[in-house]
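To keep things clear, I will list the structure first and then write my remarks on it.
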Number of protein chains: 2
Amino acid sequence: MNTLRILAIDDHEMTMLGYKFILERISFDNHTIIVDTANSFKSGKKKIEDSVNSFKYDIIFLDVQLYPPNENQPHNGEDLGKLARKLVPESKIIFMSSFSDNHRINSILKSVDPDGYMVKTDIDPKSLEDAVKTVTIQPPYYSSKALGAIRKRMSTTISLDDNDKRILYHLSIGTKTKDLEQHVELSASSIENRKRHLKSLFGTEKENDLALILAAKNRGFI
Amino acid sequence: MNTLRILAIDDHEMTMLGYKFILERISFDNHTIIVDTANSFKSGKKKIEDSVNSFKYDIIFLDVQLYPPNENQPHNGEDLGKLARKLVPESKIIFMSSFSDNHRINSILKSVDPDGYMVKTDIDPKSLEDAVKTVTIQPPYYSSKALGAIRKRMSTTISLDDNDKRILYHLSIGTKTKDLEQHVELSASSIENRKRHLKSLFGTEKENDLALILAAKNRGFI
DNA sequence: GATAAACCTTAAAAAAACTATGGTTTCATT
DNA sequence: AATGAAACCATAGTTTTTTTAAGGTTTATC
């Protein structure tokens with residue numbers, strides 16, 4: 001009789017209770033599943049750090065957005081994921097995110113390379129169970145919407161460098177072209193050139209920025 | 001009571017019988033599943049073409065390697081996949097391949113963007129059923145080993161252009177550096193530069209080509 | 001130990017990317 | 001319709017990167 005230790009970190013107390021309820025009822029070979037929870041960046045961090053010198057968690061579920069109490073600058077789960085990877089590399093990490101935002105997914109897949117990624121609207125008892133099992137037996141597990149995003153990225157052949165991505169990202173969040181210089185370490189002129197170049201890559205020559213970011217979104221870059 | 005039409009194309013008669021046997025026994029809402037089969041590039045092509053003007057297949061399972069009878073030059077399923085996409089874009093395509101060869105997977109994901117990809121050693125009744133259901137409800141479906149390969153690609157940040165990829169690929173199949181000029185449209189000198197550059201990207205400076213292609217394989221590029 | 005391939009260095013040439021400048025178009029607001 | 005702001009475009013000079021050729025050194029193989 002093995003025990004499978006799970007840590008779930010989410011700042012919504014209620015949803016976390018839901019996770020705990022579901023997870024602990026999973027029947028999986030002859031494992032006993034124990035779910036520990038934390039509802040802030042800080043407490044999650046502490047639990048991970050403490051685990052280093054005691055029982056390591058088998059799986060850590062991690063919300064991408066964690067609002068620490070009394071602050072409004074969100075600590076993101078990505079940092080916590082990186083920390084966990086470093087401290088307890090043997091723990092499997094599954095990210096949970098409320099949006100299937102490609103930009104975020106891509107960034108997390110690169111910086112943390114988690115063993116699983118679930119878009120919150122995909123989460124239900126069945127997918128949670130699948131995730132736990134897949135991740136312990138043969139990672140990775142990606143939920144349906146996450147897979148959709150990944151598919152888009154894999155099926156395109158366009159390769160962008162960091163500056164391109166930054167330009168696309170900032171355009172997509174409404175940054176004006178003239179203000180882009182503050183975010184991209186390039187001259188205004190180069191930025192314009194790159195925008196032109198991007199538009200030709202995405203087949204939106206002579207169209208406006210909206211067309212560009214729409215195309216980039218469709219191909220999974222934003 | 002709907003009917004779900006499936007075409008399975010594989011040059012091994014026996015395995016195809018296996019697929020048919022399993023697939024037709026899947027219970028899926030109130031669908032009747034009908035499996036049609038073809039065991040060569042030619043017959044598969046014909047069935048797909050014929051389907052254009054009659055009942056389209058809902059799903060086409062497609063073996064990546066198809067040896068046509070009496071020839072030894074394998075027609076690959078990739079071409080057939082491209083054809084199917086063109087003729088019957090509404091049919092879902094699931095590729096099956098015996099190796100989890102990243103180069104092939106990447107190439108197929110780009111050129112055909114199939115709705116599913118299964119590595120043959122992952123195929124069993126359960127995964128087949130999952131594939132059918134996932135692909136009809138919310139594609140894509142990737143089998144476990146395929147996901148492993150995809151994960152590698154997504155988690156790395158290295159981006160290579162076509163020349164780099166071609167160099168890596170040819171090195172991996174044993175092409176000698178001096179013969180590379182015939183495949184890469186670059187001077188010998190440039191090829192050496194790029195090899196050096198690649199080795200630094202993959203952290204195999206001052207090591208030999210084997211180390212490079214091993215590293216590239218590990219990261220999912222070959 | 002002779003030979004072929006791989007590897008490295010250098011310097012020149014070519015290509016690509018960047019930048020500054022000055023102008024034109026587009027769009028929203030009045 | 002007039003105006004101002006932002007977006008867009010074209011040109012040309014500059015910088016950076018990539019390619020190339022030519023030469024030599026190391027490594028592996030028979």
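Chain naming here is simple, since letters A, B, ... match the order of the sequence lines and numbering starts at 1 in each. All values below come from the heavy atoms of this structure, side chains included, with hydrogens, waters and symmetry mates left out.
For B/Arg196, a side-chain nitrogen or oxygen approaches OP1 or OP2 of C/dC8 to under 4.0 Å. Within the 4.0 Å cut-off from OP1 or OP2 of C/dC8, not a single side-chain nitrogen or oxygen of B/Lys195 is found.
Distance, B/Leu201 CG to D/dT17 P: 14 Å, rounded to whole Å. Regarding A/Lys178, its NZ atom lies at a distance of 18 Å from the C1' atom of C/dT25, rounded to whole Å. Atom NZ in B/Lys176 sits roughly 12 Å away from atom P in C/dA4 (whole-Å rounding). Protein atom CG of A/Asp161 is 17 Å distant from nucleotide atom P of D/dT16, rounded to whole Å. In this structure, the CG atom of B/Leu210 is 14 Å from the C1' atom of C/dA6, given to the nearest Å. If you take NZ of A/Lys206 and C1' of D/dA10, they are 11 Å apart, rounded to a whole angstrom. Regarding B/Leu160, its CG atom lies at a distance of 13 Å from the P atom of D/dT18, rounded to whole Å. Rounded to whole Å, the distance from CG on A/Leu198 to C1' on D/dC8 is 15 Å.
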Let me have a per-nucleotide readout for nucleotides 20-30 of chain D, 5' to 3', with B, S or -, counting only protein heavy atoms under 4.0 Å. BB---------

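A salt bridge is defined here as a Lys NZ or Arg NE, NH1 or NH2 lying under 4.0 Å from an Asp or Glu carboxylate O, and B/Asp58 with B/Lys92 fails to meet this definition. Using a 4.0 Å cut-off between a side-chain N of Lys or Arg and a carboxylate O of Asp or Glu, A/Asp115 and A/Arg85 qualify as a salt bridge. A salt bridge links A/Lys199 with A/Asp209: the distance from a Lys NZ or Arg NE/NH1/NH2 to an Asp or Glu carboxylate oxygen falls below 4.0 Å. Taking the charged nitrogens against the carboxylate oxygens, B/Asp161 and B/Arg194 do have a contact shorter than 4.0 Å, which makes a salt bridge. One finds no salt bridge joining A/Lys45 and A/Asp79 here, because no Lys/Arg side-chain nitrogen approaches an Asp/Glu carboxylate oxygen to under 4.0 Å.
When distances are taken from the side chain of B/Thr177 to each of D/dT18, C/dA6, C/dC8, the shortest belongs to C/dA6.
Cation-pi contact between A/Arg5 and A/Phe55: present, with separation from the ring centre below 6.0 Å and deviation from the ring axis of at most 45°.
Near DNA chain C, meaning a heavy atom under 4.0 Å away, there are no residues from residues 162-175 of chain B.
At most 12 heavy atoms of other shown residues, nucleotides or ligands fall within 6.0 angstrom of atom CD in B/Glu185. By the neighbour-count criterion of 12 heavy atoms within 6.0 Å, atom NZ of A/Lys195 is densely surrounded, having more than that number from other residues, nucleotides or ligands.
In this structure, a donor-acceptor pair under 3.5 Å is present between the side chains of A/Glu78 and A/Ser107.
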